[in-house]
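Everything on this sheet refers to the single structure shown next.
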Amino acid sequence: MVKKECIAMLLAGGQGSRLGILTKNIAKPAVPYGGKYRIIDFPLSNCVNSGIDTVGVLTQYRPLELNDYIGNGQPWDLDRMNGGVHILSPYQQMEGSQWYKGTANAIYQNIQFIDRYAPEYVLILSGDHIYKMDYSRMLDYHKDKKADCTIAMLEVPWDEASRFGLMLVREDGSIAEFEEKPKEPRSNKASMGVYVFTWKVLREYLLLDEADAASSNDFGKDLIPRMHSDGRGLFAFPFDGYWKDVGTIESLWDANLDILNPKIDLDLSDENWKIYSNSPASPPHYLAVGARVQNSIIAEGCTVEGSLDYSVLFANVSVGKGAEVKYSIVMPGTVIEEGACVQYAIVAENTRIGARAVVGECPEDVSNRDDWGVAVVGSGLSIGAGSVVKAKTMVENDIAEGTK
Amino acid sequence: MVKKECIAMLLAGGQGSRLGILTKNIAKPAVPYGGKYRIIDFPLSNCVNSGIDTVGVLTQYRPLELNDYIGNGQPWDLDRMNGGVHILSPYQQMEGSQWYKGTANAIYQNIQFIDRYAPEYVLILSGDHIYKMDYSRMLDYHKDKKADCTIAMLEVPWDEASRFGLMLVREDGSIAEFEEKPKEPRSNKASMGVYVFTWKVLREYLLLDEADAASSNDFGKDLIPRMHSDGRGLFAFPFDGYWKDVGTIESLWDANLDILNPKIDLDLSDENWKIYSNSPASPPHYLAVGARVQNSIIAEGCTVEGSLDYSVLFANVSVGKGAEVKYSIVMPGTVIEEGACVQYAIVAENTRIGARAVVGECPEDVSNRDDWGVAVVGSGLSIGAGSVVKAKTMVENDIAEGTK
Amino acid sequence: MKANSVLGIIYSNAYDTALPELTGLRTMGSVPFAGRYRLIDFPLSNMVNSGISKVGVITKSNYRSLMDHLGAGKPWDLSRKLDGMFILPPFSGAGASGVYQCRIEALYGSLGFIKRCTDEYVVMCDCNVVCNMDLGRLFDAHRASGADITIAYQHGTAPALDDIMTFSFDDGGRINGASVFNGGTEDTDFSLNIFLMRKSLLERLVTEAAGLKMLDFETDVIIRNLGALKIHGFKADGYTRVIDSLQSYYSFSMELLDSGVRAGLFRPEGPVYTKPRDSMPAFYAWGSDAKNCLVASGCVIEGEVENSILFRGAHVSAGASVKNSILLQDTFIGANAKVSCVITDKRAVIRPGRNLSGAENYPFFVGKEIVI
Amino acid sequence: MKANSVLGIIYSNAYDTALPELTGLRTMGSVPFAGRYRLIDFPLSNMVNSGISKVGVITKSNYRSLMDHLGAGKPWDLSRKLDGMFILPPFSGAGASGVYQCRIEALYGSLGFIKRCTDEYVVMCDCNVVCNMDLGRLFDAHRASGADITIAYQHGTAPALDDIMTFSFDDGGRINGASVFNGGTEDTDFSLNIFLMRKSLLERLVTEAAGLKMLDFETDVIIRNLGALKIHGFKADGYTRVIDSLQSYYSFSMELLDSGVRAGLFRPEGPVYTKPRDSMPAFYAWGSDAKNCLVASGCVIEGEVENSILFRGAHVSAGASVKNSILLQDTFIGANAKVSCVITDKRAVIRPGRNLSGAENYPFFVGKEIVI
């Protein structure tokens with residue numbers, strides 16, 4: 001096994017329960033985004049574009065679907081003999097076995113995997129964020145600072161700061177103090193959950209953390225604070241591009257529509273920082289004679305006979321005659337029949353929206369603004385012809401024809 | 001996902017505890033065999049040579065090492081975009097999770113994986129046997145017989161028959177009766193643990209078997225007998241080549257030395273049925289001026305200065321001046337120092353046999369023949385200079401210099 | 001078809017001269033088609049979808065773009081340790097580096113490769129024939145008839161190409177008459193140049209023909225042997241088009257705007273694989289107006305598009321109008337430009353305000369990287 | 001070296017003429033060496049081990065065996081979606097298929113490929129130089145000195161090849177004098193033809209040289225530019241051998257029977273990758289007598305072997321004796337045959353009882369598939 005300077009460990013995590021029905025059958029990193037991507041395409045593509053060719057994906061929830069999507073890693077050029085992408089689920093050992101307890105425990109259980117590559121540095125990533133980042137620059141910064149741990153940091157608006165783990169940073173970039181979601185933030189410098197560790201040091205702390213019965217075995221809550229109190233070199237690496245947590249329905253919807261907003265700095269067509277994905281073999285999409293498409297993106301294999309406004313169509317979606325799709329995200333393989341209306345909604349994969357059905361509501365049509373929210377239809381469902389799905393509804397079962 | 005006619009599921013099983021120290025750090029299918037192979041190379045190569053390009057490897061014990069060995073499947077030409085080799089460990093589901101209970105349960109837990117390829121047939125294999133077999137002929141037989149399940153069958157010597165699951169077979173190849181390790185065998189036709197199932201039928205029985213709380217969820221004990229009592233079409237496919245279970249130290253030793261026995265029908269140099277393996281990048285081996293090698297095989301990267309009789313040297317083994325290796329299996333990376341003697345022994349990987357140490361005994365030098373057996377030295381150990389390891393011993397810890 | 005039983009052979013330069021505009025800098029195999037494909041993707045996908053795992057691609061000239069497209073064969077899952085895809089550049093003999101003159105010579109030059117393969121059968125395809133054919137059915141028909149050679153054919157107006165054979169059959173489907181087509185518009189049964197036979201037979205036929213300095217596969221090998229060999233036809237009944245000119249390239253492309261025609265070429269059970277570009281989905285801006293068009297990923301549409309095919313990365317600026325046209329990869333149409341009945345090659349640029357117009361039966365062709 | 005920063009270029013046909021016996025049917029790159037390798041494995045593994053992920057292999061002629069060996073590049077982990085290995089066959093221009101005459105023309109013919117690569121640097125190697133060199137150290141030296149070009153050199157007797165440069169240096173390591181070697185046995189600092197420079201510089205130098213119809217890279221590009229460019233030397237201090245004849249091929253091979261020499265070529269931190277053959281380990285029968293020999297997998301030894309190198313699949317029958325010899329792949333030595341100071345090419349057969357004997361300074365060569 002040839003030594004690697006830096007390998008990445010991606011915490012693909014649990015179920016992502018705040019995404020409700022969308023993660024019923026798939027792990028959160030496999031949730032579709034942006035017309036042809038899945039969330040995990042972003043950290044994986046960032047790795048490859050940063051020259052990191054070895055990625056462990058840690059998951060214990062629905063690894064099969066993730067495995068299915070990632071396959072042998074070829075779409076990301078990660079089908080390597082030495083290195084490449086590996087899905088790591090918990091496994092049985094001679095002395096018994098256990099599920100991953102926390103983020104640090106998940107890495108602890110895979111020390112042997114990491115040791116195989118004898119890396120000098122380990123990059124810890126999460127599978128929840130949409131962003132483009134050159135990790136090699138962060139790694140250079142880590143080396144320049146001779147840091148033990150470097151944390152990627154983003155300045156967030158002051159009024160949102162209390163939702164984040166915050167850092168007080170000295171002039172030299174070193175971290176003076178941590179605050180976990182404080183009520184009265186003293187900083188707006190938030191941790192992005194992207195860490196570079198010197199492996200020798202991290203390995204030592206993983207063993208310490210595991211030995212500590214009181215620990216919840218979490219990087220942010222336990223391991224990094226322990227390093228900090230031991231006086232280890234912790235540095236913050238500033239990042240100022242687009243970064244979005246897509247952990248909720250609302251934020252997933254926002255993040256998709258951000259692609260259509262010219263004022264937002266997220267360029268998916270940059271030839272020098274491609275986002276790779278495992279796309280189906282579909283022909284180009286077809287716009288019929290009656291189609292009307294405005295400020296939208298459409299993936300391959302779609303057929304559009306109706307109208308589209310400010311929306312994102314994934315592969316192989318069909319929009320029937322007279323159907324309208326507005327401010328909505330329609331995931332692969334879904335069929336929207338004639339005259340149906342999908343607005344302010346997320347429709348999951350392989351769903352059928354029957355003729356003249358109405359899914360979702362415009363905010364201005366809802367009398368009490370608190371009742372408004374994005375409507376969601378789960379995958380594989382059938383919404384009967386003429387039925388109505390109100391704003392903020394999360395549809396988990398088929399809806400019969402004409403249900404209002 | 002393109003449909004596959006037949007996919008294979010390889011039950012890589014548990015720890016293989018009868019191999020003791022040899023499976024302390026590795027799953028049984030990863031145990032080295034024949035100078036450059038691991039046991040799993042045989043079923044995997046058989047699959048590829050039979051035109052089966054999709055293999056699920058089911059294991060819950062030490063999947064990491066197996067993963068490490070199998071990598072992306074490239075050595076077996078199983079690094080496919082569609083299909084290829086996949087390690088399948090148990091995983092967490094929304095409704096909880098569990099380890100594999102029995103062989104049938106292991107397949108049950110992976111129904112989703114199999115359904116992805118929508119196969120007509122599923123080949124069930126185990127990872128415990130050394131044999132070369134064209135599964136495509138067995139599949140043709142299964143189709144010709146319009147069978148629901150076809151079981152590969154081997155005639156064993158009558159005096160050994162009671163150690164096997166036996167079958168009474170009618171003239172048309174259909175199975176009349178099963179006997180599981182009977183005291184008084186009425187047949188010498190043993191099951192090899194290789195099954196072809198029509199997937200539709202197997203799927204149905206997996207669900208039935210899982211629903212049956214009294215079942216131990218085993219193919220041989222539960223599922224196949226149930227199919228039999230339901231009158232399903234069960235056929236036996238005769239096989240008459242070399243086949244060896246390598247589940248014990250003695251049988252592993254035997255199976256290795258079988259390669260050196262010209263009377264035994266196991267040709268590993270057949271260009272038309274290659275056994276593929278993941279070999280390290282080592283230069284050719286070197287025989288020094290004082291070397292003496294008789295009836296032995298030597299893998300690449302070895303250096304031999306001593307003498308070798310009826311032995312198997314794996315890659316990168318070194319045998320010092322005046323050292324003797326007789327009727328022994330020496331696994332990769334082990335160093336046998338000057339004047340040491342290794343006889344009737346299996347020495348695991350990366351072990352050091354100190355100068356003038358003696359490992360194992362000749363059967364004729366043991367007064368009570370029952371005290372004789374193959375000596376085994378575990379991986380990574382150091383046997384001190386001048387120390388003595390008796391026959392039948394299983395060394396699990398370092399031995400200090402001069403211990404007798 | 002059984003794995004490892006059939007070797008695929010593709011001629012990447014078949015009938016290059018029929019399409020000089022698009023093959024000036026590339027092989028017929030690397031001519032773009034249907035918005036995101038190259039012509040070689042169709043025979044290659046047909047082979048892979050039928051279970052063929054070893055394909056030799058015979059090249060003659062201009063094959064750099066083909067090699068770029070095929071790479072190590074990964075998109076077709078043909079990057080293998082055993083089997084896989086093999087590009088066969090023109091080496092006619094030791095030390096030399098000649099260029100093949102004809103099909104027999106090309107096969108003869110690749111005979112070493114063909115002989116080393118252990119497959120029992122061989123199937124050969126040309127790149128100017130676009131179809132989505134289950135070669136397994138061809139194979140089954142071949143075995144059922146007990147023929148020595150089976151040739152796929154189509155009924156209709158034969159393409160205007162040299163050496164295209166037309167056939168007549170006996171009642172059992174055996175070809176009992178064949179001639180090389182010489183123009184004419186009446187319907188015939190004409191060869192699609194998809195040949196299936198035992199590999200050993202091909203080896204023998206090619207060695208004999210080369211020894212006799214025969215040059216023409218159709219006349220000297222097939223037609224000559226109609227008596228001695230049992231040669232059967234296999235009628236292609238699905239979508240099948242033979243490109244014989246820029247006009248037919250244009251009309252076969254335009255046909256794809258019909259959903260029925262598209263369904264024939266893109267069958268769910270026979271996906272067409274191609275090299276991915278990893279560009280983002282197509283973007284339609286506010287104010288764009290697109291209808292009856294086939295649009296690939298990576299396109300940006302700000303203006304008007306109608307009855308057209310846009311390949312990956314094409315850009316139609318605001319105020320521009322594209323009608324009845326085919327824009328190959330990365331074509332840029334400047335603001336307020338008007339194009340109608342135009343085929344633009346890769347990376348062509350139509351400057352703002354330009355007005356280009358061809359005719360439906362005689363499209364205007366703009367060459368690769370040309371700036372107008 | 002940073003990923004994606006250095007492009008590797010390998011000349012597979014470098015100095016073919018120095019070894020006519022072994023390059024009659026193959027490139028220098030596909031000449032077998034050290035029991036299981038081909039010469040190209042050494043520069044290719046050096047590049048891969050240094051983190052280079054994109055390698056262009058320039059070919060001129062006889063490259064079919066090279067293509068067979070390299071396949072899709074998997075053994076070197078160079079079968080990639082992005083980057084990977086690219087075989088650059090001789091296409092000198094659109095439509096033509098000329099054969100490169102010289103290094104400049106070869107580079108010029110590959111300039112399109114080189115320009116499309118996004119790497120900042122380029123390193124070039126020849127296949128007749130066998131070494132296990134950490135190119136990362138060459139790169140570090142290049143950056144530390146601020147040189148425009150760095151050339152690896154060795155101190156000793158220069159090989160008897162055309163156009164080998166010998167250098168003199170100033171105190172800072174810059175080459176201040178160079179000439180093309182013209183024979184002689186005194187020790188000099190001679191070029192290993194391993195060049196490292198910015199890719200943009202190479203593009204400029206090659207374009208200029210081709211424009212001026214210059215033919216000789218060494219004289220016209222390097223020596224001419226000693227004043228205008230800062231060209232530094234990098235002394236190779238590990239195992240390095242330059243094959244210049246069958247005699248040196250034989251003596252460099254025999255040297256490998258010395259464990260110290262082997263340790264220099266096969267460093268644990270720089271594994272040498274090659275195409276696997278998946279043959280079983282070597283088998284030594286009862287009655288065999290082998291000593292001081294290097295033996296690859298797949299060999300069967302029933303007779304006597306001494307001071308020899310046996311490539312994969314070689315077979316020494318009972319009663320036969322092989323001394324001071326090199327048996328390439330699948331050589332068969334019949335019963336009771338005696339061979340001494342012989343090099344047998346691939347699949348040569350020495351019939352039972354034959355007695356062949358060459359001299360240590362003039363080995364006897366038996367060609368590929370020859371039966372004696």
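A quick note: this is a predicted structure, and the numbers were derived from the prediction, not measured. We name chains A, B, ... by the order of the sequence lines, and we start the count at 1 in each one.
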Region of [X] in contact with chain D, defined by heavy-atom distances below 4.5 Å:
X	value
B:L313	neither
B:K274	side chain
B:S282	backbone
B:D309	side chain
B:S269	both
B:A288	backbone
B:F314	neither

Give me the atom names and distance for the closest heavy-atom approach of D:Y37 to B:P284. CE1-CD, 4.2 Å
Can you name the closest pair of heavy atoms from B:G34 and D:P281 and give their distance? O-CG, 3.7 Å
Tell me if the CZ atom of D:R277 is crowded by more than 12 foreign heavy atoms within 6.0 Å.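 More than 12 heavy atoms, drawn from other residues, nucleotides or ligands, come within 6.0 Å of this atom.
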Under 3.5 Å, is there a donor-acceptor pair between the side chain of B:Q294 and the main chain of D:G287?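 Checking the backbone N and O of D:G287 against the side chain of B:Q294, a donor-acceptor pair under 3.5 Å is found.
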Hey, does the side chain of D:S288 reach the backbone of B:V293 with a donor-acceptor pair shorter than 3.5 angstrom? yes
Under a 4.5 Å heavy-atom cutoff, which of [options] has the most pairs with chain D?
options	answer
B:K36, B:E305, B:E300	B:E300
B:V304, B:I298, B:L268	B:I298
B:L308, B:I259, B:I297	B:I297

Quick check for you: to the nearest 0.5 Å, what is the distance between D:R36 atom CZ and B:H285 atom NE2? 12.0 Å
Report the distance from atom CE of D:M280 to atom CD1 of B:I275, rounding to the nearest 0.5 Å. 11.0 Å
Using heavy-atom distances under 4.5 Å, tell me whether [X] contacts chain B through its side chain, its backbone, both, or neither.
X	value
D:V295	both
D:F283	both
D:S279	backbone
D:A290	both

Sole candidate of D:D258, D:L257, D:L256 that passes side-chain contact (heavy atoms from CB on, under 4.5 Å) when paired with B:Y286: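 Checked D:D258, D:L257, D:L256 against B:Y286; only one passes side-chain contact (heavy atoms from CB on, under 4.5 Å): D:L257.
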So which of D:S45, D:G35, D:A282 has the biggest tally of heavy-atom pairs under 4.5 Å with chain B? D:A282
Using a cut-off of under 4.5 Å for heavy-atom pairs, which of D:D278, D:I301, D:L265 has the most such pairs with chain B?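 Result: the option with the highest number of such pairs is D:D278.
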Given D:K291 and B:L287, is the side-chain contact (heavy atoms from CB on, under 4.5 Å) satisfied, shown in steps? CA-CA 5 Å; D:K291 45 182 170 282; B:L287 266 52; 5.6 Å; no
